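Data block below; observations after.
These numbers were taken from a predicted model, which means no experiment stands behind them. Sequence lines set the chain letters: A, B, ... in the order given, protein chains first and strands last, and positions in each chain run from 1.
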Amino acid sequence: MHLDRLHCDACGECTAACATAGRTARIRVDRGAGGGIAAFFCRHCGRPLCAQVCPTASLALGATGTVVARPQRCLGCRMCLVACPNDAVFFDGAGKSDKCDLCFGSLRGTDRQPACVAACTRGALRLVGLRHESAIRRGAAAAARQVAFRR
Amino acid sequence: MQAAEVWSRHTELVIMWGCNATGAGIHQDVCYLFEAMERGARLIVVDPIVTAIASKADVHLRPRPSTDAALALGMINHIVSLGLEDRDFIDRYTYGYEELQAEARKWTLERTEQVTGVPAALVAQVAEDYATHRSMIECGYGHQRYTNGHQAQQAIAALAAVCGHLGQPGAHCNYMEVGAGYAGLLNSGKVQNPAGAQIKKSRLINISLFGQAMREAVDPPIKGVIKWRGTMITQHQDARRVIEAVKKLDFLVSIDQFPYDDTDYSDLVLPACTMYEQWGVHPSYRHQYLQLQVPVVDPQYESMPDIDFWAELGRRMGYGEYFPKDYTGLDWLKELLPPDFPFEQAMHPNGPIRLPERFCHPIPNWDGKYNTPTGKIELHATAYDERAKRFPGEWDPVARYVPSAESAEGDPELARRYPLLLISQHPGTRTHDQFLNLPYIKEIEGPPKAMLHPDDAAARGIQEGDRIRIYNDRAESFVLAHVTRKVLPATMELDSGNWIREGGNVNQLIHQRVAGPRDVGHGVMEEYDFQLDGHTTPFFNLLVEVEKA
Amino acid sequence: MSSVRRYSPQEIEELVAKEIPPTGVSLACRSLPTTTTWNNRTVTVDRVVKTSCSHNCYDTCGVLCYVKDGRLLKVEGDPDHPINRGRMCVKGYTYPQRLHSPDRIKYPLLRTGERGEGKFRRLSWDEAFDWLGERLTALRERWGSEALAEYIYSGNREFLAKQISGRFLSLFGASKTVGSF
Amino acid sequence: MSRESVRPETMLLVDQSRCVGCHACETACKMENDVPPGPRWIEVVEHETLDTAGNVVLTFLPLNCRHCGDAPCIRACPTLALTRGELGLVNLAVERCIGCGECLFACPFGAPQFGEDRIMQKCHGCLERRSQGLPTACEQLCPTQALKSGTPRELSHHARGARAAAVASRQG
Amino acid sequence: MTMRHVILGAGPAGLAALASIRRNDAGARITLVSGEPGLPYSRMALPYYVNGDLPSRHLYPHPALWYRQPGVELRWGEPGEALDVERREVTLAGGERLPFDRLLVATGSRAQLREAPGIHLPQVQLLWTLGDARRLRRRANGASEVVIWGAGMIAFMTAKALLTAGRRVHFICRAEYLLRRSLDQEAAFLLEGALEQAGAVLHRGLNLAEIRSGPGRRCRVLLTDGSELPADLVVVALGVAPNLDWLDDAPVQRRQGLLVNERLETSAAGIFAAGDVAEVRDCVTGESGVPALWSVATDQGRVAGLNMTGATLVCDPALRSNTMVFHDYVVATLGCPLVRENTRVYRRLDRERRVYRCLVLSGGRLVGAILAGDVSQVGFLRSVIRRGAVLTDPEGLLGTPPLPGGVRP
């Protein structure tokens with residue numbers, strides 16, 4: 001998941017969309033006093049610090065590359081919250097870890113976007129595959145350097 | 001071939017005709033060419049498709065496919081009309097110039113533009129520049145891949161002759177002159193027919209029509225094939241009928257490195273070595289340097305070097321005396337190469353060496369000698385007179401533009417059903433079907449794609465990336481569409497070499513026919529004249545239709 | 001009249017003598033390296049072998065093969081080769097991956113399924129030669145030696161092995177494949 | 001951490017007039033560094049465009065990590081896995097990387113690559129080769145000599161030299 | 001030749017090392033030695049098992065199958081007894097001698113048991129091992145009065161385990177307030193409020209004098225001020241110390257813990273240390289000490305494992321961070337907030353919402369933080385400390401949710 005900070009104005013639509021299904025919101029984007037944008041959502045890291053530090057292995061990297069929480073194993077000790085550089089772990093009413101799973105359950109197999117991406121008014125929030133993203137950026141970099149040159 | 005080190009230092013203008021140098025042979029042409037261009041030489045590329053090398057050219061002529069002969073004749077006519085031809089070179093070194101002039105006179109600039117699609121002003125400017133500068137022509141095979149391929153090449157050579165750009169440093173017409181391998185360096189005859197063995201003359205099979213020969217050869221029919229160092233089904237034309245013929249064989253033996261189409265249909269598949277696992281000698285057909293091949297690593301897994309396979313087979317079939325058991329690759333090389341050949345100079349850790357001029361001179365024809373019946377440049381090819389009588393119109397001693405058999409002009413009725421002409425370029429990342437299965441190459445190329453002009457795509461409702469079906473009477477291929485202006489309208493491009501089992505094979509669509517004279521029957525011949533009897537196969541002589549799959 | 005000056009034969013001979021290296025003598029002027037870099041580390045290799053590439057593009061590059069522990073570690077162009085001057089192409093550099101590919105045909109295979117099904121069983125080289133020997137003798141008796149044909153082209157365009165197969169086929173009396181693509 | 005603006009000691013100059021998009025640098029780099037299929041430390045991007053006369057022209061640009069002087073990726077990395085190494089090259093400490101992708105979103109050239117293990121990998125600038133004075137793998141093995149590595153001083157000297165020679169020969 | 005690795009201790013550090021050795025060197029032979037019998041469990045989860053929040057099967061981070069990897073041998077219930085550095089051998093309690101090429105000492109801490117009259121009474125116990133937890137769980141359901149001797153992290157965890165409805169828990173707290181080594185006065189006051197609401201009673205500035213077995217199955221705890229507390233159960237929670245006494249005669253440099261270099265290698269080559277036994281440099285103060293923290297242990301375990309397979313990785317200096325959670329009230333500490341010389345402290349206390357946020361800066365850089373009630377941006381602040389970034393607007397950070405743009409990493 002990637003947030004393009006340039007276009008985002010912290011309107012909070014994504015947080016609202018994420019909280020619709022009766023669960024706690026798992027994404028929060030705030031505008032700091034100095035105008036900077038702080039984005040708290042899970043980057044689904046390749047080697048997640050939260051999973052490394054969780055005493056009961058409640059947080060773990062799933063086969064499909066999403067970091068998934070298993071509340072029944074969670075102690076609520078917040079070690080993951082401290083470890084994660086993006087404060088991307090949220091806690092439900094019962095203090096159990098509840099984090100972004102890219103709307104895993106509802107979207108499996110469909111090409112629909114996760115709720116927050118769909119709700120983003122400015123298209124600043126994009127769900128991207130890291131490998132695919134580098135190819136796109138390289139294409140853009142080459143295009144930007146496009147010079148119709150003659151010898 | 002004039003050596004690249006020579007022409008790149010002296011030429012002032014290079015025409016790359018039908019040659020995507022970035023596709024094959026990137027190391028020599030492209031690098032020396034850039035050095036020449038950075039020294040001020042100008043580059044003109046003649047290729048219907050926009051290739052990487054065309055993008056570096058000063059002028060890029062994009063003639064309609066198969067109309068190269070018309071373009072060359074148009075240029076000749078323009079040069080002669082301005083009196084820029086080299087009169088005394090023509091008088092001293094050519095034969096039959098008047099007949100050529102008569103033929104060229106028909107090709108006014110307007111007619112040239114109407115047939116080839118290249119603007120008249122551009123043709124005129126290129127012709128004038130070519131005539132008034134020290135100019136090279138680098139020929140590839142692009143323009144030869146049609147049934148009128150031999151005429152196109154003859155017209156281009158005539159263009160060089162008319163301007164006297166032959167045999168001079170920086171001014172020559174380079175085309176495939178087969179190099180030292182066939183110019184006497186290797187005495188293949190002695191090795192293939194050892195002294196003391198009574199070897200009866202056997203019939204000849206032309207490889208361009210191997211599929212047809214397998215189907216139609218009689219007394220005896222072809223019943224056993226040993227296939228190695230080449231692909232019979234993937235790369236042959238009209239693969240479906242080749243497979244029919246293969247099914248009627250008693251046995252088909254394949255010696256290959258990887259499993260693919262051919263091995264699927266074989267009875268016995270033997271593991272082959274790559275070039276780094278065995279001895280070899282490979283003189284180039286473009287430059288004069290030779291580095292003998294020595295085994296670098298042991299044969300991998302249970303693969304056996306080809307020399308050992310054939311020698312062992314020879315011993316098993318009772319010819320032991322001609323295949324001495326203890327012969328190594330070096331011993332065979334000593335038998336194949338001339339006795340005075342400096343082996344240790346040309347072999348690891350030394351080498352490469354330059355071969356003597358008698359095999360391949362860096363500046364051929366520098367002394368004005370041409371090995372033709374008249375000893376001159378034959379604008380009227382006397383060797384073809386006899387054959388011109390047997391095949392009126394198809395074959396003519398003087399370069400002429402004859403529309404390619406399977407093209408809009410050549411077969412209007414077929415063109416109504418299959419309007420698009422499909423060119424199968426040599427991909428830069430593969431040697432036809434080799435390297436296709438390597439992970440690094442697969443990753444660079446992605447799935448097989450065919451290039452389609454935006455107008456043709458729009459007319460058929462095809463967008464970029466759609467899965468499309470390319471078909472004609474012979475077969476169909478499924479590939480992805482790449483909608484681009486790199487191809488001309490009514491022209492398509494699909495790289496050669498895609499395997500049939502992986503999809504996207506183009507050769508299965510091509511009609512099995514020999515370019516040039518028709519005197520090869522159905523592939524079985526008694527005599528074969530290297531210069532006359534059909535040199536290549538019209539791979540681009542192909543009309544297809546395409547639809548969304 | 002053409003405005004382009006023409007070199008006389010003597011000038012051309014002098015030009016060739018001046019600009020083209022002498023014939024018949026090794027042009028190698030650098031000693032073969034003993035170490036190379038690999039994965040951002042310097043590694044010593046068992047040997048570096050000078051050979052050439054015999055794929056069917058007309059440049060026949062000079063090649064330096066770096067061999068370590070019996071495996072082809074990497075391939076570079078031969079800097080002393082006047083044509084490719086130390087450089088090769090995208091295909092040449094992938095050779096270690098090709099040579100050591102696990103997908104290579106590892107041992108002789110005999111078809112068990114239908115033609116085109118692609119089902120085979122493993123065979124030893126002796127069994128393969130016996131099988132081929134029987135088929136060749138049977139073919140010669142039933143159809144005559146010209147019923148055998150060789151299909152070869154330029155997958156590996158080197159000339160040596162073709163002469164030896166040519167010797168066997170001419171002794172056997174098989175049909176001869178000629179022409180080119 | 002103060003804003004870094006040290007010019008890198010070494011850079012890679014791409015001569016677009018010589019690059020013909022043959023991808024040899026990709027396989028050369030992959031062979032040199034045993035990079036599995038998937039991530040491409042250097043990738044040639046082909047672009048179809050029209051030249052001034054309206055003809056279709058292809059341009060090619062090999063893109064790898066540029067080892068920027070003021071690298072946005074160094075600032076973006078939450079676990080300090082990217083640091084300024086020798087010769088001014090941007091060095092990646094693989095064991096610190098958690099694979100979050102922030103560096104990729106910060107990099108305008110899309111240089112960071114992610115393999116099967118989802119941990120970032122990228123062109124390390126052939127530090128070992130350059131410290132021995134050797135050219136980088138892609139530079140040495142590029143068939144058309146389109147890549148040239150060196151310090152900014154060397155590269156501008158090289159580029160100017162080539163330009164001057166071309167102009168001079170055209171007048172000659 | 002295949003490397004023989006021996007890992008002493010199956011705590012967070014030991015398990016992390018096993019995983020990274022396996023990933024980096026598939027062919028290695030690894031022997032995992034655990035002092036306690038049975039499948040390795042995570043100690044931090046014990047309190048949640050005691051109060052019934054967590055079913056026992058979730059105590060184990062990895063199922064038994066995970067350990068049955070090729071080349072891995074297990075020795076559970078046999079703590080290490082002696083180390084012979086020259087002959088590179090470890091002798092276990094059962095007398096077995098284990099040769100090793102690389103050794104990781106990750107035996108963690110062990111609870112301290114100070115002598116006091118009556119300390120050996122049946123009602124008195126520790127809460128450190130799974131056995132303690134099972135015993136405590138069995139005995140706690142009948143107990144209505146519990147006394148906890150100690151006021152540190154373990155005492156807090158024990159209280160969390162026992163503070164259920166209808167039970168009073170007494171803290172004997174030598175200092176003025178709970179968790180004196182982690183929290184400052186204000187944060188501790190807020191946390192104590194939450195505890196007291198749930199039935200905790202704090203006895204400040206006192207210590208345990210004696211325990212006498214008292215009426216029936218109960219006992220009586222006498223404090224230094226003479227007062228007396230009836231108790232069904234007494235849990236000793238006086239802190240921990242590195243579990244290194246079995247290494248007393250080994251020629252390995254030690255102070256509080258084993259002295260290790262940046263690559264977590266002790267003074268004896270090939271012998272590494274990680275977790276609560278390793279004395280490392282602190283990220284903020286630079287002083288050498290034993291952080292004894294779960295997150296530090298997992299990171300050190302991972303890096304030590306990689307170094308044992310030949311890597312030469314530098315481990316991040318230990319950044320102390322801890323969290324105390326009681327029902328829904330969360331307190332988090334980062335870095336070294338209690339070091340107060342030449343620092344500027346920014347704090348904001350909101351009694352009604354029981355929110356307290358305190359940032360400690362030194363030379364414009366964040367060196368410590370205590371967040372109580374509202375721990376938003378704690379992860380971000382941790383990476384700000386790690387990075388040593390200059391904070392231009394610390395005031396803004398005290399406010400809840402919005403994060404000021406003032407941070408310039």
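- Side-chain contact of B:W279 with C:E158: a donor-acceptor pair under 3.5 Å is absent, judged by distance alone.
- Residue B:Y319 touches chain C through its side chain alone, counting heavy-atom pairs closer than 4.5 Å.
- Proximity to chain B (any heavy atom under 4.5 Å) is shown, for C:E11, by neither the backbone nor the side chain.
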*Could you walk me through whether B:M317 and C:L171 pass side-chain contact (heavy atoms from CB on, under 4.5 Å), step by step?*
CA-CA 10 Å; B:M317 296 297 288; C:L171 289 166; over 6 Å; no
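- Of the atoms belonging to B:L290, not a single heavy atom falls under 4.5 Å from chain C.
- Proximity to chain B is limited to the backbone of C:R71, based on heavy atoms less than 4.5 angstrom apart.
- Only the side chain of C:L32 comes within contact range of chain B, judged by heavy atoms closer than 4.5 Å.
- Between C:F168 atom CZ and B:L313 atom CG the span is 4.0 Å, to the nearest 0.5 Å.
- Both the backbone and the side chain of B:P439 come within contact range of chain C, with heavy atoms under 4.5 Å apart.
- Note: B:C31 leads B:A311, B:C31, B:A3, B:G167 in heavy-atom pairs under 4.5 Å with chain C.
- Between C:T51 atom OG1 and B:M275 atom CE the span is 7.5 Å, to the nearest 0.5 Å.
- From C:R5, atom CZ reaches atom CZ of B:R134 across 6.5 Å, with rounding to the nearest 0.5 Å.
- Contact annotation for B:S254: neither backbone nor side-chain heavy atoms come within less than 4.5 Å of a heavy atom of chain C.
- For B:L355, the part lying under 4.5 angstrom from a heavy atom of chain C is the backbone only.
- Take C:E141 and apply the side chain to side chain contact (heavy atoms under 4.5 Å, CB included) test, not counting sequence neighbours, and it matches C:T137.
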*asked:* Using side-chain contact (heavy atoms from CB on, under 4.5 Å), reason through B:F251 and C:L139 one step at a time and then give a plain yes or no.
replied: CA-CA 9 Å; B:F251 62 89; C:L139 175 115; 3.9 Å; yes
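- The minimum heavy-atom distance between B:F210 and C:E150, with the atom names listed, is CE1-O, 3.9 Å.
- Of the two parts of C:V48, only the backbone, made up of N, CA, C and O, holds a non-hydrogen atom closer than 4.5 Å to a non-hydrogen atom of chain B.
- Listed here is the closest heavy atom pair of B:Y301 and C:S101: OH-O, 3.1 Å.
- Atom CD1 of C:I164 sits about 9.0 Å away from atom CG of B:D306, to the nearest 0.5 Å.
- Scanning both residues, B:G428 and C:V90, for their nearest heavy atoms gives O-CG1, 3.5 Å.
- Within the 4.5 angstrom heavy-atom criterion, atoms from both the backbone and the side chain of C:L72 approach chain B.
- Taking NZ of C:K176 as the reference point, atom OG of B:S202 lies at 7.5 Å (rounded to 0.5 Å).
- Heavy atoms closer than 4.5 Å to chain C are found nowhere in B:M214, neither backbone nor side chain.
- Neither the backbone nor the side chain of B:E344 comes within contact range of chain C; no heavy atoms are under 4.5 Å apart.
- When heavy atoms are compared at a cutoff of 4.5 Å, C:F120 approaches chain B solely by way of its side chain, counted from C-beta outward.
- Only the side chain of B:P342 comes within less than 4.5 Å of a heavy atom of chain C; its backbone N, CA, C and O stay farther away.
- Per-residue counts of heavy-atom pairs under 4.5 Å with chain C were compared for B:A171, B:A213, B:S266; the largest is that of B:S266.
- No part of C:A138 comes within reach of chain B, as not one of its non-hydrogen atoms sits under 4.5 angstrom from that chain.
- In this structure, C:H55 has its ring center under 6.0 Å from that of B:F435.
- To the nearest 0.5 Å, atoms SG (C:C61) and OH (B:Y289) are separated by 14.0 Å.
- B:R9 touches chain C through its side chain: at least one heavy atom from C-beta onward sits under 4.5 Å away, while N, CA, C and O do not.
- Screening B:Q293, B:Q291, B:H287 against C:T60 for a side-chain hydrogen bond (donor to acceptor under 3.5 Å, both in side chains) leaves a single residue, B:H287.
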_Steps toward side-chain contact (heavy atoms from CB on, under 4.5 Å) verdict (C:R167, B:F323)_ = CA-CA 9 Å; C:R167 170 175 284 197; B:F323 297 96; 3.7 Å; yes
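- Ion pairing between a basic and an acidic side chain is recognised when a charged N comes within 4.0 Å of a carboxylate O; B:R316 and C:D130 show such pairing.
- Of the two parts of C:S154, only the backbone, made up of N, CA, C and O, holds a non-hydrogen atom closer than 4.5 Å to a non-hydrogen atom of chain B.
- For chain B, no part of C:R30 is nearby; none of its heavy atoms comes within less than 4.5 Å.
- In this structure, chain C has a heavy atom under 4.5 Å from the side chain of B:K200, while its backbone stays farther away.
- With a 4.5 Å cut-off on non-hydrogen atoms, B:P362 touches chain C through its side chain but not through its backbone.
- Using a 4.5 Å cut-off between heavy atoms, C:L132 touches chain B through its side chain atoms alone.
- Of the two parts of C:V178, the backbone and the side chain both hold a non-hydrogen atom closer than 4.5 Å to a non-hydrogen atom of chain B.
- When every heavy atom of C:W125 is checked against every heavy atom of B:E302, the shortest pair comes out as NE1-O, 2.8 Å.
- In this structure, the portion of B:V253 lying under 4.5 Å from any heavy atom of chain C is its side chain and not its backbone.
- Between chain C and the residues B:V191, B:D264, B:D256, B:I207, the largest count of heavy-atom pairs under 4.5 Å involves B:I207.
- In this structure, chain C has heavy atoms under 4.5 Å from both the backbone and the side chain of B:V246.
- Here salt bridge (charged side-chain N to carboxylate O under 4.0 Å, His left out) pairs that include residues 88-107 of chain C, with residues two or more places apart or in two chains, are B:E277-C:R104.
- For the residue pair C:W143/B:D250, the side-chain donor-acceptor check at 3.5 Å is satisfied.
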*Would you check, one step at a time, whether the test side-chain contact (heavy atoms from CB on, under 4.5 Å) holds for C:Y93 with B:Y440?*
CA-CA 10 Å; C:Y93 297 133; B:Y440 284 166; over 6 Å; no
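- Contact count versus chain C (heavy atoms, under 4.5 Å) is highest, among B:D433, B:T231, B:D340, for B:T231.
- Using a 4.5 Å cut-off between heavy atoms, B:E312 touches chain C through backbone and side chain atoms alike.
- Looking at C:R135, C:R121, C:K119, C:R111 one by one, the single match for salt bridge (charged side-chain N to carboxylate O under 4.0 Å, His left out) with B:D267 turns out to be C:R111.
- Top candidate by heavy-atom pairs under 4.5 Å with chain C, chosen from B:A346, B:G351, B:G314, is B:G351.
- The choice from B:R229, B:Q345, B:M232, B:H133 that makes the most heavy-atom pairs within less than 4.5 Å of chain C is B:R229.
- Minimum heavy-atom separation, C:E146 to B:R203: OE2-N, 2.6 Å.
- With a 4.5 angstrom heavy-atom cutoff, C:V25 touches chain B via backbone and side-chain atoms both.
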